[in-house]
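For reference, the structure is listed below as structure tokens.
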Amino acid sequence: MGESGESVVDEAELNARRASSFGPEAAAYATHRPDYPVEGIRWALESLGGIAEREVVDLGAGTGKLTGGLAALGARVTAVEPDAAMRAEFARHHAEVPVLSGSAESIPLPDDSAHAVVVGQALHWFDLPAAFPEIARVLRPGGVLAAFWNTHDSSVKWVAELDRLSRSAVSSQRRAADPSPPSHPLFRPFERATFPHSQRRTAESLAATIGTHSHTLVVTPEERAEILDRITGYLRSRPETGVGEFQFPLRTLVVRAVLR
């Protein structure tokens, strides 16, 4: 019993560390993380139809990777982000968008204030039993919740090998983007779709991108350096990635559900 209990505590502590690991690397996150495909954003908001000025909350907004795509489609975005360093970096890139201190479990907005709540690369960090009612509270009737995950397209052989070489001592056996969509009685059943995406990278900048992932941020400096060196060496050795820039293949999973 003691060992099992300790394992649960350790896993919860590690998850909390990983969830809070991005702030110190906020500038690198802004520089190296990919954005999201416009087709996926359109699909996520499809049920809103002809609403002229869509009020959208970017929840767990980070440095604004999803906000940029929303704004380009004409949405009026309010960002909510718990980490002060990430909020500061967000403000550098999206000075025209309000960014509030808050979390999925405590959203600093009034009831019925948004047509949509969107989440980029963060839903798996939320306390979902607490977050779902809070998200439902700020949504207007018929509002939509949508979540996005950029994942490496491991159907490409060299990308699958890159993923294997990128693993750290704390890497999860399953990807953050769980194949099973979430569910909650406040929302209609979630739908899912996957969209092709890519990011222009070099061997060095792709290693830097992976260096912003939580599984490389919470390990020792020695392990982190070894992983990033291994990634860079592998990419330099490949004909697809060894010289200059290349398109790194991604797949973007989007899930969406309408408030009941």
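Two different hydrophobic clusters hold Ile107 and Val144 under the rule that ILVMFWY side chains link at heavy-atom gaps under 4.5 Å. Residues Leu109 and Val97 fall into different hydrophobic clusters, defined by Ile, Leu, Val, Met, Phe, Trp and Tyr side chains chained together at heavy-atom separations under 4.5 Å. When the side chains of ILVMFWY residues are joined at heavy-atom separations under 4.5 Å, either directly or via intervening members, Val255 and Leu145 end up in a single hydrophobic cluster. One hydrophobic cluster, built from ILVMFWY side chains closer than 4.5 Å, holds both Ile51 and Val118. Taken together through direct or relayed side-chain contacts under 4.5 Å among Ile, Leu, Val, Met, Phe, Trp and Tyr, Val57 and Val77 form parts of separate hydrophobic clusters.
Ser106 and Ser103 share no donor-acceptor pair across their side chains, judged by distance under 3.5 Å alone. Side chains of His197 and Asp35: a donor on one and an acceptor on the other come within 3.5 Å. For His115 and Arg54, the side-chain atoms include no donor-acceptor pair closer than 3.5 Å. In summary, the side chains of Arg201 and Thr209 do present a donor paired with an acceptor at a separation below 3.5 Å, with no hydrogens or angles considered. Inspection of the Ser198 and Gln247 side chains reveals an N or O donor paired with an N or O acceptor under 3.5 Å. Judged by distance alone, the side chains of Thr67 and Asp58 do bring a donor and an acceptor atom under 3.5 Å apart. Looking only at atom types and distance, the side chain of Thr151 has no donor-acceptor partner in the side chain of Arg251 under 3.5 Å away.
In this structure, Ser205 and Arg200 have side chains that are not in contact, with every pair of non-hydrogen atoms separated by 4.5 Å or more. Put simply, the side chain of Glu204 reaches to within 4.5 Å of the side chain of Thr232, judged on heavy atoms. Inter-residue side-chain proximity for Pro108 and Val80 is flagged as met; some heavy-atom pair is nearer than 4.5 Å. Using a 4.5 Å heavy-atom threshold, the side chains of Arg87 and Ser101 count as touching. At least one side-chain heavy atom of Ile41 sits under 4.5 Å from a side-chain heavy atom of Leu66. Looking only at side-chain heavy atoms (C-beta outward), Leu70 and Leu45 come within less than 4.5 Å of each other. In this structure, the side chains of Leu162 and Tyr234 come closer than 4.5 Å at one or more pairs of heavy atoms. Within the 4.5 Å cutoff, no side-chain heavy atoms of Val56 are placed close to those of Arg76.
Side-chain atoms of Lys65 never come within 3.5 Å of backbone atoms of Pro34 as a donor-acceptor pair (strictly under, hydrogens ignored). Using modelled atom types, one side-chain atom of Arg260 and one backbone atom of Pro185 make a donor-acceptor pair closer than 3.5 Å. Put simply, the side chain of Thr241 gets close to the backbone of Leu235: a donor and an acceptor are under 3.5 Å apart. Side-chain atoms of Arg256 never come within 3.5 Å of backbone atoms of Phe190 as a donor-acceptor pair (strictly under, hydrogens ignored). The closest donor-acceptor contact from the side chain of Glu105 to the backbone of Glu134 lies at 3.5 Å or more, if one exists at all. For the pair His215 (side chain) and Val170 (backbone), a donor-acceptor distance under 3.5 Å is absent. For Glu81 (side chain) and Gly62 (main-chain N/O), a donor-acceptor pair under 3.5 Å exists by modelled atom type.
Between Leu259 and Leu186, the closest heavy-atom pair is CD1-O, 3.4 Å. The nearest pair of heavy atoms linking Phe246 to Thr202 is CE2-C, 3.4 Å. The two atoms that bring Gly211 and Leu217 nearest to each other are O-CD2, 3.1 Å, heavy atoms only. When all heavy atoms of Ser154 and Ala160 are compared, the pair lying nearest together is O-CB, 3.5 Å. The minimum heavy-atom distance linking Pro196 with Pro37 is given by the pair O-CB, 4.2 Å. Nearest heavy atoms, Leu48 versus Gly142: CD2-O, 4.2 Å.
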How far apart are the C-alpha atoms of Ser168 and Glu223, what are their side-chain angles, what is the distance that settles it, and do they pass the side-chain contact (heavy atoms from CB on, under 4.5 Å) test?
CA-CA 8 Å; Ser168 78; Glu223 183 181 1; 3.5 Å; yes

Kindly determine whether Leu123 and Phe148 satisfy side-chain contact (heavy atoms from CB on, under 4.5 Å), including the steps that lead there.
CA-CA 8 Å; Leu123 189 74; Phe148 298 71; over 6 Å; no

For Trp149 and Thr252, what are the C-alpha separation, side-chain angles and deciding distance, and is it a side-chain contact (heavy atoms from CB on, under 4.5 Å)?
CA-CA 6 Å; Trp149 289 271; Thr252 303; over 6 Å; no

In sequence, state the C-alpha distance, the side-chain angles, and the governing distance for Trp158 and Val156, and then conclude on side-chain contact (heavy atoms from CB on, under 4.5 Å).
CA-CA 6 Å; Trp158 70 262; Val156 180; 3.5 Å; yes

Give the C-alpha distance, both sets of side-chain angles, the deciding distance and a yes or no for salt bridge (Lys or Arg N to Asp or Glu O under 4.0 Å) between Asp112 and Arg140.
CA-CA 4 Å; Asp112 301 330; Arg140 295 177 181 175; over 6 Å; no

Walk me through it: do Arg42 and Glu39 pass the test salt bridge (Lys or Arg N to Asp or Glu O under 4.0 Å)?
CA-CA 5 Å; Arg42 285 199 181 101; Glu39 295 84 358; 5.5 Å; no

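Of the inter-residue distances, the one linking Asp153 atom CG with Leu250 atom CG reads 8.0 Å to the nearest 0.5 angstrom. Once rounded to the nearest 0.5 Å, the distance linking CD of Glu89 with CG of Asp83 reads 11.0 Å. From Ser214, atom OG reaches atom CD of Gln121 across 10.0 Å, with rounding to the nearest 0.5 Å. Within the model, atoms CD1 of Ile227 and CD of Glu222 stand 11.5 Å from one another, a figure rounded to the nearest 0.5 Å. Once rounded to the nearest 0.5 Å, the distance linking CZ of Arg33 with OG1 of Thr212 reads 3.5 Å. Note: Ser47 OG to Glu191 CD = 8.5 Å, rounded to the nearest 0.5 Å.
Partners of Phe187 under the ring-ring contact (aromatic ring centres under 6.0 Å, His included) rule, at least two apart in sequence or in another chain, are Phe132.
Using a cut-off of 4.0 Å between Lys/Arg side-chain N and Asp/Glu carboxylate O, Arg230 and Glu226 are scored as salt-bridged.
In summary, the aromatic rings of Phe248 and His152 are positioned with their centroids under 6.0 Å apart.
Enclosure of atom CD in Glu96 by more than 12 non-hydrogen atoms of other residues, nucleotides or ligands within 6.0 angstrom is indicated.
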